[in-house]
Structure formats: structure tokens, C-alpha cells
Amino acid sequence: MTVSSATRATVVATPRGRRRRSSFTAYSWSSLLYVAPALLFFGVFVIYPICISVQTSFYEYDGLTVATPVGAANYVAVFTDPALREALLHSLVLLFFYAVLPVVIGLGLAGLLSRIRIYGLTFFRAVLFIPQVLSSVVVAVAWRGILASDGPLNSVMQAVGLGSFATSWLGDFDTALPAVGGIGTWVQYGLCMVLFLGGIVGIDRSLYEAARLDGAGAIREFRAITLPALRPQISIALILCITFALRNFDIIWNTTRGGPGTSTAVPSVYIYQDAFQNRALGQASAMAVVLTLLILVIVGIVQFALRERSDVPRAARRSGGVR
Amino acid sequence: MKVSTVETTLTHAILVLAALIAVYPLVSIVASALQGADGFGLGSFAVAWERGSFGPALLSSAFISITVVLVTVAVVSLAGYALATMRVPGGRIMLPVLLLGLVLPYEVTVLPLYQMMTDWGILDTWWALILPQIGLSVPLGVFWMRAFFAAVPVELLEAARIDGAGRFETFRLVLLPIAGPAIATLSTILFLFTWNEFLLALVLVPQSPVAQTAPLALSFFAGAGRSIDQSVVAAAAVIVAAPIVLAYVILQRRLIAGLTEGAVK
């Protein structure tokens with residue numbers, strides 16, 4: 001309230017003629033008043049905490065007593081401590097389940113769907129998007145039930161004669177990580193499909209007609225038309241999935257808490273535990289900073305890779321893509 | 001287009017399968033909630049509602065989410081308008097910095113936020129979640145509203161100016177009335193994000209049963225031990241999911257249309 005009335009007062013106070021000239025061309029300092037409230041929230045609750053995290057990461061600090069500067073020791077620990085290194089490795093495995101797999105599944109289905117006239121598109125989109133809407137805690141509770149030793153997954157496996165493989169999926173050292181990964185695939189594949197379906201609807205149908213007249217098969221069609229046209233959607237899907245995969249605290253915390261043992265421990269679980277259970281705030285902060293940089297670097301690479309190729313002329317792209 | 005009916009049927013079959021897999025977990029918790037210890041019925045819901053204090057939790061979630069959406073929409077509309085139509089000093093730096101905010105893991109902000117909220121004496125209150133979540137919603141909101149205002153025809157702004165409208169009048173009387181759909185979609189997305197946020201709630205309102213959000217209450221309830229009947233846990237999950245699923249059923253068309261177009265922009 002205060003902000004908007006202050007803004008109005010300034011606008012009124014500006015001489016009319018000058019305002020007209022400067023409105024949309026020259027730098028207008030009064031425009032800062034419009035931006036200020038948003039920047040204030042962003043600065044105080046996002047930028048400032050990040051700075052504090054970076055600062056804390058160079059100290060040994062228990063949150064109560066005086067912090068001791070330790071240089072880069074916390075960062076060295078991130079890459080040398082076997083537990084933390086293992087957690088980073090788990091993150092990369094989960095990247096496959098949370099990002100690569102959903103995008104591949106989404107693209108495969110999009111390729112099939114691009115060839116036909118889809119009936120009930122809005123309905124299917126709405127249903128496929130449901131996993132994105134549910135709270136991750138609800139998702140975790142539902143999947144804990146499905147993957148339990150007496151759960152429906154094992155019943156199905158027994159029914160089809162695979163009973164010997166039945167196990168407590170989230171409780172077994174060997175299966176816990178892929179099981180958690182599978183939950184992530186389930187959460188994300190609908191999002192990818194919805195994004196790709198949105199892209200397919202926008203493709204000019206005559207391109208497919210032309211390709212078919214040229215005798216192109218399903219695979220050629222997919223590679224020459226569908227895939228290039230979906231590049232912006234693939235880029236955004238990968239970015240959303242990768243950030244989700246690397247953050248990924250909620251699902252792990254509410255299914256396995258990083259266990260059994262440390263078999264599903266990921267950086268965010270250690271960040272929480274180091275900060276609030278082991279009172280090692282410096283170590284937790286260093287891990288958080290590394291995680292942030294990792295996300296920025298991978299997202300940057302994806303954006304660069306997918307933007308770069310769209311600048312290459314279409315013909316060159318096609319001949320390069322055949323390999 | 002000439003594609004065989006066999007292919008059309010098969011592809012639809014795959015689509016149906018994909019949709020069934022997407023809803024199955026939701027169906028499974030509803031089913032197991034209805035099959036309680038004392039047979040088929042709503043008994044598990046009553047037990048979960050009573051023991052998990054989900055009433056106050058749903059109220060907290062609703063108040064927090066609505067406040068975050070209202071304040072965020074107000075501040076990002078102003079900022080988006082300025083960044084789209086005026087030459088804001090430092091605007092070129094603001095956008096990349098806000099872009100970073102879009103992919104930021106909350107893990108890097110949450111420890112200092114805990115310290116801040118403790119120092120301010122508002123840990124374990126609604127405000128401990130509301131204030132940071134407004135800040136974290138700003139990047140998405142600013143980009144969203146900036147994209148909308150940038151797409152408004154320049155002629156409209158010119159016309160308003162010629163009619164003697166100042167910048168704020170142009171915003172309030174010309175642009176806001178046509179921004180309804182964009183604001184509605186943004187509000188839906190922000191509401192979903194805020195309602196579902198878990199890590200911040202776990203850290204910033206850990207002790208207070210009054211300020212606990214619905215997902216956090218469910219997490220504590222489901223993790224409380226093996227002693228609880230699984231159908232009661234499932235019922236609790238349904239209680240927490242129900243408001244969001246209902247809202248989604250009403251708003252899905254706008255949400256998905258907004259996402260598929262807005263995300264790529």
C-alpha cells in the first residue's frame with residue numbers, strides 16, 4: 001500500500017512535459033520505485049542469504065559459539081570426504097532417473113503422437129500433469145505404499161511369476177536408489193510429455209505430409225521434423241528436470257531419509273543433517289554452495305548446447321544428426 | 001493425413017497407459033484409505049483428521065499460500081511493468097540475476113534464513129514462511145509479468161499517454177484490466193509451489209503445531225512410526241492432497257495452457 005501511493009505521488013510530481021519525453025526512451029530513475037518492492041524481497045530473502053552461505057562456508061561454525069575461519073577446508077571435504085563424494089555420485093545417478101529418462105520417454109511418446117490425430121488431448125494433458133501438482137510428501141507416502149514388501153508392485157510381480165525378485169524396494173541396499181529414481185521418473189515424465197505435446201500441436205502438419213511424400217519413415221520423420229521443432233521444449237524440460245533432480249530433498253527425506261545406510265544419501269540430505277543435527281554449519285554451507293554451482297554449470301551447459309545447434313543451418317544440422 | 005487406424009489405436013493405447021500410470025499412485029492412496037482396519041469406509045479419515053491436526057495445518061497452508069500469492073503478484077506486476085516498458089537503471093543486471101534465482105536450490109538460502117527468522121523472533125510463525133517465499137517467487141513472477149507487458153502493443157501505451165494518463169494510471173487503468181488471465185495463471189503456479197514447499201517449512205516452522213503447513217504435518221504424521229495403521233497414513237495423504245487436486249480440476253486448463261506457452265517464452 002505505502003509503496004504504490006508513494007509511486008503515484010512521484011509520478012504526479014514529475015513535470016508533465018518531461019515525463020512524456022522520457023517515459024519510454026531515456027533512463028528513468030523513478031522507474032526504480034516500481035522495481036524496488038520486488039527487488040527488496042529478492043535481495044533480503046534470496047541474495048543476502050546466499051552471501052551469508054558463501055561466507056559461512058569458509059568457517060567452522062556450530063551456530064552458537066564463535067566461528068573459526070578454516071579457509072577452503074570445507075570445500076576440500078566436499079570432494080574428499082567419502083560420504084559426501086558418494087552423495088554427489090548418487091546425484092548423478094538420480095540425474096539419469098529424474099532428467100534423462102523422463103525426457104527420453106516424453107520424446108518417444110511425442111514421436112508416436114505426432115503421427116496421429118490425438119483424441120481427448122486436453123484430458124490426457126490434465127491427467128499426465130497430476131504428478132506435478134501433488135505435494136512431494138503425498139507422492140512419497142503413495143509410493144512408499146506401492147513399493148512396500150507387501151505392496152501392489154510385489155503382488156503384480158508374484159502374479160506374473162517374478163516373485164523371486166520381489167523385495168522391500170526402498171529398504172534394500174541394492175534397490176533403494178533406483179527405486180527413489182523411479183519415483184522421480186514418475187513425477188517428471190508427465191511434465192515432459194505435456195511440454196512436448198504443446199510443441200507438437202504447433203508443428204505445421206504439411207511438413208509431415210511433405211516428408212511422407214518424400215518417402216520418409218517414422219524414424220526419419222521424428223529426426224527431421226519433430227525433434228528439431230521441439231528444441232525449445234526439450235531445453236526447458238531438461239532445465240526443469242535437472243534442477244529438480246539435483247535439489248531433490250523432499251522425496252528422499254520422506255521415503256528413505258538417505259538410507260538404508262547411506263545408499264540414497266544426496267547432498268541436500270547432508271546439508272540438512274549437517275546444519276540441524278550435527279551443527280556443522282560451515283560444512284553444510286560449503287555443500288550448498290557446491291550444489292548451487294553444480295546446478296548452474298549443468299543448466300548453463302544444457303542451454304548452451306541446445307541454443308548453439310539451433311543457429312546451425314537446418315541442412316547441416318540434419319547431416320550432422322544422422323550419425 | 002493417412003495413418004492406419006491400427007497405428008492410431010495403438011498409440012492411443014500407449015497414451016491411456018501413460019495416463020493410468022500417472023494417476024495410479026493417487027488412486028492407490030484413496031483405495032487404501034478406504035480399506036481401513038475395520039473394513040471399507042471413511043473410518044481412517046476420521047482417525048487421521050483427529051490425530052494429525054490437519055485442520056490447523058490446512059488453514060496455515062491456505063493463509064500462507066494466499067498471502068504469498070497476493071503480495072508477490074502485486075510487487076512483480078509493478079516490477080514487470082517497469083522492466084517491460086521503461087528504461088530501468090541497472091535493468092540489464094537485474095534480469096540475469098533474477099534468472100539465476102529461477103534455478104537456485106533453496107538449500108543455499110535456508111540455513112541463513114533460519115538464523116534470520118530466529119533473530120527476528122518470527123521462527124515457527126506463518127511469517128517465517130511467507131516472507132522468504134515471496135522473495136523466492138519474485139524471479140518467476142517478474143519474468144512472467146514482464147513477458148506479458150512486453151507483448152502488449154505499443155500503440156495501446158501510446159494511446160494512453162496521448163490521453164494524458166501518467167505511467168501509474170496507464171498501469172492501473174489500461175494494463176491491469178487486460179492482465180487478468182496472465183495474473184490468474186501466475187497465481188495458480190505460485191499457489192501450487194507455495195502450498196507444496198517442504199524444505200522451507202521443515203526448517204522454518206519445525207516446532208509449532210499452529211504454523212505447520214499441510215505437507216509438513218503429513219510428513220511428521222507419516223514418519224511418526226510403524227505403529228500407525230497404513231490406511232490412516234493414506235487417509236492423511238488424501239486429506240492433504242484433496243484441496244490441491246480439487247483446485248487443479250477447476251484450474252487445469254488455464255494452468256497447462258499457461259505453462260506450455262509461458263515456459264518456452
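What's counted below: heavy atoms across the whole structure, side chains too, no hydrogens, waters or symmetry copies. Naming convention: chains lettered A, B, ... in sequence-line order (proteins, then strands); numbering from 1 in each chain.
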Work out which heavy atom in Ile256(B) is nearest to a heavy atom in Ala126(A); give both atom names and the distance. CD1-CA, 3.6 Å

Leu104(B) vs Ile50(A), test: side-chain contact (heavy atoms from CB on, under 4.5 Å). Steps then yes/no. CA-CA 10 Å; Leu104(B) 209 68; Ile50(A) 293 175; 3.4 Å; yes

Honestly, the part of Ile146(A) sitting under 4.5 Å from a heavy atom of chain B is side chain

Partner chain B: residue of Ile239(A), Thr56(A), Ile118(A) with the largest heavy-atom pair count (under 4.5 Å): Ile118(A)

Is the closest side-chain donor-acceptor distance between Arg115(A) and Thr8(B) under 3.5 Å? no

To the nearest 0.5 Å, what is the distance between CD1 on Ile52(A) and CG on Leu113(B)? 10.5 Å

Please round to the nearest 0.5 Å and tell me the distance separating atom OG1 of Thr11(B) and atom CZ of Arg117(A). 14.0 Å

Of the listed residues (Val139(A), Leu40(A), Ile105(A), Val46(A)), which shares the most heavy-atom pairs with chain B below a 4.5 Å separation? Val46(A)

Counting heavy-atom pairs under 4.5 Å to chain B, which of Gly202(A), Gly198(A), Ser53(A), Ala275(A) comes out on top? Ser53(A)

Quick check for you: among Leu113(A), Leu246(A), Leu197(A), which has the greatest number of heavy-atom pairs under 4.5 Å with chain B? Leu113(A)

Please, which pairs that meet side-chain hydrogen bond (donor to acceptor under 3.5 Å, both in side chains) have at least one residue in residues 234-254 of chain A, sequence neighbours excluded? Tyr98(A)-Asn248(A), Ser136(A)-Asp250(A), Asn254(A)-Ser219(B)

Honestly, the part of Leu128(A) sitting under 4.5 Å from a heavy atom of chain B is both

Heavy-atom closest pair (Leu109(A) atom, Ala18(B) atom, distance to 0.1 Å) is CD1-CB, 4.3 Å

Using every non-hydrogen atom in the two residues, find where Arg87(B) and Ser31(A) come nearest and quote the distance to one decimal. O-OG, 3.9 Å

To the nearest 0.5 Å, tell me how far Ile295(A) CD1 sits from Glu107(B) CD. 7.5 Å

Tell me whether the centres of the aromatic rings in Phe249(A) and Tyr106(B) are closer together than 6.0 Å. no

One should read off an interatomic distance between Asn196(B) CG and Gln132(A) CD, to the nearest 0.5 angstrom, of 10.0 Å

Heavy-atom closest pair, residues Pro131(A) and Ala22(B): CG-O, 3.9 Å

Kindly compute the distance separating CG (Leu15(B)) from CD1 (Ile116(A)), expressed to the nearest 0.5 Å. 7.5 Å

Chain B heavy atoms under 4.5 Å from Phe42(A): which part of the residue, side chain, backbone, both or neither? both

Atom pair OH (Tyr114(B)) and CG (Leu281(A)), whose distance is rounded to the nearest 0.5 Å: 9.5 Å

Could you name each residue pair satisfying ring-ring contact (aromatic ring centres under 6.0 Å, His included) that touches residues 116-148 of chain A, not counting sequence neighbours? Tyr119(A)-His12(B), Trp143(A)-Trp186(A)

Heavy-atom closest contact (Val35(A) atom, Ala82(B) atom, distance): CG2-CB, 3.8 Å

Which atoms of Met193(A) are under 4.5 Å from chain B, going by heavy atoms: the side chain, the backbone, both sets, or neither? side chain

